[in-house]
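Please read the structure below before turning to the comments.
Excluded from the calculations below are hydrogen atoms, water molecules and symmetry mates; all remaining heavy atoms, backbone and side chain alike, are included. First the proteins, then the strands, lettered A, B, ... as listed; each starts at 1.
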Number of protein chains: 2
Amino acid sequence: MECPRSTFENLDPKKRGRVLDESLLEFAEHGYHQASVNRIVGRLGIAKGSLFQYFGSKEGLFRHLFTLALNEIKAPLKAIRDADASEPFPERLRRVFLAGAAFARSHPLIWRVYRRMTTQDDFPLRETLLVKVREEALTYFRELVEGGQARGEVRPDVQPAAAAFLIESVLDRALTAQDSPLLDAGFGLAADNEPTRQRALAALAELLCRGLAASPRKGDDADADAHHAPHADAH
Amino acid sequence: MECPRSTFENLDPKKRGRVLDESLLEFAEHGYHQASVNRIVGRLGIAKGSLFQYFGSKEGLFRHLFTLALNEIKAPLKAIRDADASEPFPERLRRVFLAGAAFARSHPLIWRVYRRMTTQDDFPLRETLLVKVREEALTYFRELVEGGQARGEVRPDVQPAAAAFLIESVLDRALTAQDSPLLDAGFGLAADNEPTRQRALAALAELLCRGLAASPRKGDDADADAHHAPHADAH
DNA sequence: TCCGCTTGTGACCGGGTGGTCATTTTCTAT
DNA sequence: ATAGAAAATGACCACCCGGTCACAAGCGGA
């Protein structure tokens with residue numbers, strides 16, 4: 001028995017869409033365990049039995065939403081991955097941050113469910129998702145770094161795995177802070193104003209590239225501290 | 001009516017400790033909503049009514065655990081904050097990472113509850129906690145950075161707020177990955193072997209300081225354009 | 001019009017939840 | 001020994017959950 005039963009596929013597309021939208025919203029707002037089938041059918045104005053006829057179970061419903069979301073996401077993520085391969089590394093990194101933020105904003109429900117799946121442990125498919133995402137994201141970042149090293153734009157002694165972990169953790173937190181003022185704490189990622197958000201993202205990407213420390217080498221480069229005081233920041 | 005009723009305070013300290021331990025464990029393992037008072041009293045071998053006599057409600061129990069945890073945590077965190085103020089910035093950062101990891105490992109239950117509180121939204125006191133932690137952690141990191149700038153160890157054009165956000169996000173993710181192999185994905189933070197974990201933490205701190213990019217200054221590096229076949233894979 | 005099949009329905013089930021409270025047990029002071 | 005306070009108890013409550021299923025409604029063809 002396939003999980004989206006034929007009964008559901010034969011539904012009026014308009015109604016089918018509403019069912020999927022409302023269900024995804026419920027999981028996005030409440031996570032898996034606390035998501036309530038009763039609430040979903042109540043909001044949809046259909047009988048509970050119908051939902052179970054369509055998907056067999058709460059888990060079946062969620063799994064269906066999951067595969068749909070995967071399909072919806074594939075293309076835009078691939079576009080991000082394939083973009084700008086010829087740009088220099090810092091620029092690529094900056095664009096990945098901006099594109100990631102734009103992606104999260106353009107798929108708010110999917111993004112929220114994803115966040116919940118990674119941080120809660122009661123989701124079906126959680127392990128599948130995490131393994132797949134780690135695999136994809138970390139190898140992508142690793143290749144980004146290795147590409148940068150091949151072109152001499154990234155220090156050769158950087159361990160690609162460590163760099164990938166670093167980039168991923170900052171990007172993940174930045175995107176999370178986007179819709180959580182408490183996490184953002186005034187930094188600017190959760191600002192209503194888009195340029196402000198982009199400036200904050202770009203600042204993070206640039207810090208990742210250039211690092212925090214003042215002198216890249218100990219005692220060899222004496223003029224490192226000489227040409228400081230750039231203050232070229234536009235704000 | 002205070003929440004830990006006098007009845008509870010008069011309990012045999014041994015039993016009182018078991019009640020607190022078992023309750024904290026339940027919240028650590030299941031979060032707030034899914035934590036079950038029935039399970040707690042079952043494991044403790046006491047009647048459900050007793051727990052409600054002690055704390056009035058599930059939320060009262062949690063709030064009590066929360067304030068106890070806060071007290072238990074204060075001193076070690078202060079020790080971390082005050083440590084090594086005279087060391088150079090990169091060393092301080094490295095030590096903060098190591099100390100943070102050691103702290104999370106030494107208070108596993110409190111750490112897990114904290115993680116849940118920051119990532120789930122059904123906790124009482126969640127907002128209180130987040131506001132307080134942001135306040136404390138971010139200003140600490142900001143001062144760390146500003147101190148580094150004052151001593152010329154951190155680039156003066158780094159925005160302290162951005163740097164603090166960056167450090168906090170990496171540290172948070174690193175500590176989380178410590179007890180989640182799926183997040184770690186083989187990087188080493190979740191390794192059983194302590195030196196391996198410390199090496200991974202130190203690598204992250206060093207990357208934060210030195211950055212990823214190769215040449216801190218513009219294109220003086222002549223072989224940058226000679227993007228010949230690298231194939232110089234040492235590994 | 002009647003049939004038969006697909007689809008829709010909501011009362012109902014067992015189970016789990018946080019919370020209550022009349023009753024019993026235990027302790028203490030006389 | 002006994003009266004009375006304090007503490008422990010667990011049956012019980014209302015509520016909500018995911019899931020079921022006998023039945024009703026809708027519909028296409030004869």
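Listed by residue number, A:A35, A:S36, A:V37, A:N38 are the residues of residues 22-44 of chain A with a heavy-atom contact under 4.0 Å to DNA chain D.
Residues B:P4 and B:F55 share a closest heavy-atom pair of CA-CD2, 4.3 Å. Residue B:E127 comes nearest to A:L182 through the heavy atom pair CG-CD1, 4.1 Å, listed as atom of the first residue, atom of the second, then distance.
No side-chain donor-acceptor contact under 3.5 Å links A:S180 to the backbone of A:A177.
Residue B:N10 has a polar side-chain atom (N or O) positioned under 4.0 Å from OP1 or OP2 of D:dA7. The phosphate of C:dT7 has neither OP1 nor OP2 within less than 4.0 Å of any side-chain N or O from A:Y54.
Counting non-hydrogen atoms under 4.0 angstrom, A:L51 reaches nothing in the nucleic acid.
Nucleotide D:dG19 holds its C1' atom 12 Å from the CZ atom of A:R5, rounded to whole Å. Regarding A:D12, its CG atom lies at a distance of 13 Å from the P atom of D:dC27, rounded to whole Å. Atom CG of A:L11 is separated from atom C1' of D:dG26 by 14 Å (rounded to the nearest Å). The distance between atom CZ of B:F55 and atom P of D:dA8, rounded to the nearest whole Å, is 12 Å.
Taking every side-chain heavy atom of A:K58 into account, D:dG19 is the closest of D:dG19, C:dG8, C:dG18. Candidate nucleotides D:dA8, C:dT9, C:dG19 were compared by shortest atom distance to the side chain of A:S50, and C:dT9 ranks first. When the nucleotides D:dG10, D:dG18, C:dG8 are ranked by their closest atom to the side chain of A:F52, D:dG18 comes out on top. Nearest nucleotide to the side chain of A:K48, out of C:dG8, C:dG19, D:dG18: D:dG18. The listed nucleotides are C:dG18, C:dG8, D:dT9; the one nearest the side chain of A:K15 is C:dG8. Minimum atom distance to the side chain of B:Q53 is reached by D:dA8, of the listed D:dA8, C:dG18, C:dT9.
The only option from A:D172, A:L175, A:I110 that meets the side-chain contact (heavy atoms from CB on, under 4.5 Å) definition with A:R115 turns out to be A:D172. Among the candidates B:Y114, B:F62, B:F27, B:F66, the single residue satisfying the ring pair (Phe, Tyr, Trp, His ring centres under 6.0 Å) test with B:F123 is B:F62.
In this structure the side chain of B:R142 reaches within 4.5 angstrom of the side chain of B:T139, judged on heavy atoms. A:L98 is listed as a side-chain neighbour of A:R94, based on a closest heavy-atom distance under 4.5 Å.
Judged by the 6.0 Å and 45° rule, A:K58 forms no cation-pi pair with A:F52.
If one axis is set at each end of the helix from C:dT1-D:dA30 to C:dT30-D:dA1 from five pairs, those axes are 20° apart, to 10°.
Heavy-atom distances to DNA chain D give each of B:G49 and A:E59 a nearest nucleotide, and the one nearer the 5′ end belongs to B:G49.
Looking at A:Q178 and A:R105, their side chains do bring a donor and an acceptor atom within 3.5 Å of each other.
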